Number of protein chains: 2
Amino acid sequence: MASQTPRKRRGAGRVTLTAVAERAGVSAISVSRYFNQPAQLSDDLRERIGAAVEELGYVPNQVAGGLASARGRVVGMVVPNISGPIFADTIQAFSDTLAAHGYQLLLASSYFSEDKEESAVRAFLGWNPAALVLTSHFHSAATEKLIAGADMPVVEVWDYQPERAPIQVGFSHYQVGVDAVRHLHGKGYRRITFVQNSAPGDFSALDRRDGYADTLRELGGEPWMFVPTESAPFEAGRQAMEALMARGAQRPEAIIFANDNLAAGGLLAGQRAGLKIPEDCAVLGFGDYPFAPMLLPSLSTIKPPAREIGEIAALRVLQSIGVVPLEGAVERLNLLSCRVLERESA
Amino acid sequence: MASQTPRKRRGAGRVTLTAVAERAGVSAISVSRYFNQPAQLSDDLRERIGAAVEELGYVPNQVAGGLASARGRVVGMVVPNISGPIFADTIQAFSDTLAAHGYQLLLASSYFSEDKEESAVRAFLGWNPAALVLTSHFHSAATEKLIAGADMPVVEVWDYQPERAPIQVGFSHYQVGVDAVRHLHGKGYRRITFVQNSAPGDFSALDRRDGYADTLRELGGEPWMFVPTESAPFEAGRQAMEALMARGAQRPEAIIFANDNLAAGGLLAGQRAGLKIPEDCAVLGFGDYPFAPMLLPSLSTIKPPAREIGEIAALRVLQSIGVVPLEGAVERLNLLSCRVLERESA
DNA sequence: TTGTAAGCGTTATCAG
DNA sequence: CTGATAACGCTTACAA
């Protein structure tokens with residue numbers, strides 16, 4: 001059994017700050033300043049150090065720097081998932097904005113589980129991140145404690161809870177429910193059903209449902225929620241559509257689905273059953289997933305400001321830690337809005 | 001102008017290993033062992049230390065640990081993009097597998113640019129990652145040098161180049177082209193066109209094209225490539241379909257698109273033009289994007305082993321650094337295969 | 001099985 | 001503007 005690759009004991013091999021300093025004939029701290037406060041150096045030193053850095057191919061050791069300065073150039077982000085169509089744009093925009101300022105993204109998924117979120121936060125804390133970004137405001141008690149005591153900027157994205165302490169960058173899910181009902185009601189639909197998400201833990205979807213229910217009631221309608229038992233979203237949408245259509249004369253004139261996956265399942269099930277959409281039943285989704293415009297009929301949906309959330313979250317982080325200058329205080333409350341995309345299905 | 005939040009100078013405030021050691025009445029190194037080689041401790045110490053860790057809510061400082069041991073529990077990964085439908089599953093699976101073993105993911109996107117990849121690698125190196133994962137084998141000379149001298153496991157995913165030094169976890173794009181032609185040829189199609197990706201930098205797509213061309217020629221056909229000028233993939237697909245259909249009697253019987261986005265654009269353009277698919281023209285994509293089964297007709301496509309790539313890449317990394325035990329050497333060559341998903345469009 | 005001493009590569013602090 | 005020195009919190013190497 002060949003022994004493992006003989007790992008270098010200590011940091012042997014890599015070019016260090018000190019090596020650069022010797023090469024340039026200056027002290028180590030000057031090389032440090034070359035990277036962190038170049039303005040404080042004379043042109044002479046800056047040139048000599050620059051040359052030495054080039055020659056030796058020096059890459060600053062962020063780990064050592066992080067230890068010395070008690071705050072590293074990483075930002076931890078926890079999202080429910082990476083591979084779903086929802087958060088990808090936010091992650092992408094967030095990561096790109098950070099990278100443009102020399103900060104790195106540490107990423108983990110929670111799968112809508114508070115426990116997983118907690119352990120991700122705990123793990124991140126070990127890296128002394130410059131900031132922490134969480135999705136929504138549903139955290140375990142331990143997580144709340146962790147972030148309260150963390151003494152670093154915390155941002156909550158995708159949701160908007162002004163009464164909470166962390167920086168908020170998101171939109172009102174409740175308002176999405178309101179907008180959905182208003183849109184359909186404005187187009188003449190009256191019997192409007194809401195199909196919930198079968199996936200547990202997606203509490204934001206319940207806020208959308210509440211917005212739906214309250215608004216429909218205000219308009220004189222009777223809220224009617226359907227909860228699928230199928231767990232795969234596509235199947236759940238199909239199940240909902242079939243169950244609702246089986247009501248005969250009592251069937252809904254329009255259905256709001258908790259997200260586009262459910263809506264797509266419903267749409268296709270409706271077609272298979274010979275239903276004309278939107279004439280027989282309108283369908284409205286949420287998320288504007290990439291396939292929405294490609295369905296036949298194309299799916300009307302409500303589009304969340306995903307990229308914008310990522311960009312603004314990153315900006316607020318960078319402002320909080322002083323990397324991006326600003327006048328006054330960091331904007332803590334960032335309420336963005338969704339857009340109703342009226343396509344063919346509603 | 002209120003001064004920035006008065007950041008704590010040094011690591012003031014956080015619970016340290018030493019604090020835990022004092023609380024438990026042991027030496028610091030014992031607490032270190034509690035986390036890293038618990039088997040070496042007596043039951044007595046283990047219990048006392050465990051209690052102290054609980055009480056104080058200690059979270060190990062990975063930065064300090066990383067500095068001391070010259071290798072941290074992070075793995076850097078560079079992908080072309082996060083928000084596209086292609087790499088998301090790989091990232092997700094990779095991240096989850098790492099997290100299950102206490103390792104964190106440091107993520108960056110290259111947008112198919114070798115320069116961006118290079119700067120991401122450089123930035124990662126500053127974090128002393130346990131390993132580096134890159135997408136494909138198209139790197140700048142500087143990146144090649146960087147990874148060659150990095151003295152850490154390097155994995156290349158999504159592609160398969162056995163002659164290269166890094167661990168390979170992927171599939172043969174050339175073979176995808178071969179499979180595509182064979183599938184269509186087997187169903188009786190003869191005049192088969194390949195529509196290239198209009199996005200620059202996606203060299204793997206050219207390998208698929210080569211597989212197509214060689215195989216078609218072998219079968220006695222004449223390769224026929226179409227290169228769209230539109231840059232948005234959906235539009236590019238539409239453009240290709242319209243241009244190809246304008247050939248009248250000379251139009252292709254089947255079209256292989258470089259990816260599902262292009263294929264979807266082509267599919268819808270064909271329908272809008274009154275074409276019957278696949279009777280008038282078959283359409284085959286690549287990627288099995290989430291919308292593929294939802295199109296009408298549903299899109300036949302070739303599905304890459306995205307999740308599997310992520311899982312195996314993570315496993316190889318963990319084996320390379322000794323976190324996951326194995327007998328013998330780490331498997332350097334991991335050739336996975338794609339599946340032709342025959343749906344309605346081909 | 002447990003402990004002591006030294007040092008990882010950088011930055012904060014204080015002096016010049 | 002430049003530098004000397006002492007941390008930062010942990011792990012390696014060696015000893016008991």
Side-chain angles (χ1 to χ4, degrees), chain A residues 6-49 53 56 58-74 102 125-128 130 151, chain B residues 6-49 53 56 58-74 125-128 130 151 322:
Chain A
R7 271 203 254 160
K8 299 216 172 109
R9 317 282 168 209
R10 294 270 168 159
R14 288 208 24 203
V15 179
T16 69
L17 192 71
T18 316
V20 176
E22 277 173 15
R23 191 87 182 71
V26 299
S27 72
I29 190 66
S30 290
V31 180
S32 172
R33 287 189 181 117
Y34 172 83
F35 287 101
N36 300 316
Q37 301 117 24
Q40 286 189 22
L41 292 183
S42 64
D43 291 349
D44 174 41
L45 274 206
R46 216 176 307 140
E47 262 177 47
R48 272 157 60 200
I49 297 175
V53 167
L56 301 177
Y58 171 68
V59 178
N61 184 331
Q62 302 286 348
V63 180
L67 179 59
S69 68
R71 194 107 315 165
R73 294 169 194 247
V74 250
L125 251 21
W127 285 101
N128 271 340
D151 183 39
Chain B
R7 271 201 255 160
K8 300 219 172 101
R9 316 281 166 208
R10 294 269 169 160
R14 288 205 29 201
V15 180
T16 69
L17 191 73
T18 316
V20 176
E22 276 173 15
R23 190 88 183 69
V26 300
S27 72
I29 189 66
S30 291
V31 180
S32 171
R33 288 191 180 117
Y34 173 82
F35 287 101
N36 301 316
Q37 301 117 26
Q40 287 190 21
L41 291 183
S42 64
D43 291 349
D44 173 38
L45 274 207
R46 218 177 307 140
E47 262 178 46
R48 272 156 59 200
I49 296 175
V53 166
L56 300 178
Y58 171 67
V59 178
N61 184 330
Q62 302 286 349
V63 179
L67 180 58
S69 67
R71 195 108 310 169
R73 295 171 194 243
V74 250
L125 251 21
W127 285 100
N128 269 343
D151 182 41

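The structure displayed is predicted, hence computed values, not measured ones. Excluded from the calculations below are hydrogen atoms, water molecules and symmetry mates; all remaining heavy atoms, backbone and side chain alike, are included. Lettering of chains follows the sequences in order, A, B, ..., and the numbering in each one begins at 1.
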Exercise for the section: Fit a plane to each ring of A:Trp127 and B:Trp127, take the angle between them on a 0 to 90° scale, and name the class: parallel (under 30°), tilted (30 to 60°) or perpendicular (over 60°). Expected result: perpendicular
Fill in the blank from the handout: Here the distance between atom P of D:dG9 and atom CG of A:Asn128, to the nearest Å, is 8 Å
Exercise for the section: Would you mind listing every ring pair (Phe, Tyr, Trp, His ring centres under 6.0 Å) that reaches into residues 14-34 of chain B, with sequence neighbours excluded? Expected result: none
Exercise for the section: Would you mind reading off the distance between B:Leu17 atom CG and D:dC8 atom C1', rounded to a whole angstrom? Expected result: 13 Å
Handout entry: Atom-pair distance (CG on B:Leu67; P on C:dA6), nearest Å
Key = 18 Å
Handout entry: Integer-rounded Å distance: C:dG3 C1' and B:Arg48 CZ
Key = 13 Å
Fill in the blank from the handout: Residue pair A:Ile29/B:Gln62 against DNA chain D: nearer the 5' end by closest nucleotide is A:Ile29
Exercise for the section: Using whole Å, report how far CD of A:Glu22 lies from C1' of D:dG3. Expected result: 15 Å
Fill in the blank from the handout: One should read off an interatomic distance between A:Arg33 CZ and A:Ile29 CD1, to the nearest 0.5 angstrom, of 5.0 Å
Practice task
Respond yes when some side-chain nitrogen or oxygen of A:Ser42 is under 4.0 Å from OP1 or OP2 of D:dT2, and no when none is.
Solution key: yes
Practice task
Could you tell me the separation between the CG atom of B:Asp43 and the P atom of C:dT1, rounded to a whole number of Å?
Solution key: 10 Å
Handout entry: Nearest-neighbour nucleotide for the B:Ser30 side chain, C:dG3, D:dT11, D:dT2 considered
Key = C:dG3
Problem - Side chain of B:Asn61 - closest among C:dT11, D:dG9, D:dT11 - result: D:dG9
Exercise for the section: Let me see the working for B:Asn128 and A:Asn61 under side-chain contact (heavy atoms from CB on, under 4.5 Å), right down to the final yes or no. Expected result: CA-CA 8 Å; B:Asn128 269 343; A:Asn61 184 331; 3.7 Å; yes
Exercise for the section: May I ask you to verify if any side-chain N or O of B:Ser27 is less than 4.0 angstrom from the OP1 or OP2 atom of C:dT4? Expected result: no
Fill in the blank from the handout: Against the side chain of B:Ser69, the closest entry in D:dT12, D:dT2, C:dT11 is D:dT12
Problem - Pair B:Arg48-B:Leu45, side-chain contact (heavy atoms from CB on, under 4.5 Å): steps then yes or no - result: CA-CA 5 Å; B:Arg48 272 156 59 200; B:Leu45 274 207; 3.6 Å; yes
Exercise for the section: Answer yes or no: does a side-chain N or O of A:Ser32 lie under 4.0 Å from OP1 or OP2 of C:dT11? Expected result: yes
Exercise for the section: Using a 4.0 Å heavy-atom cut-off across all strands, classify B:Tyr58 as base, sugar-phosphate, or nothing. Expected result: sugar-phosphate
Handout entry: Nearest-nucleotide comparison on DNA chain D, the residue closer to the 5′ end among B:Arg33 and B:Val63
Key = B:Val63
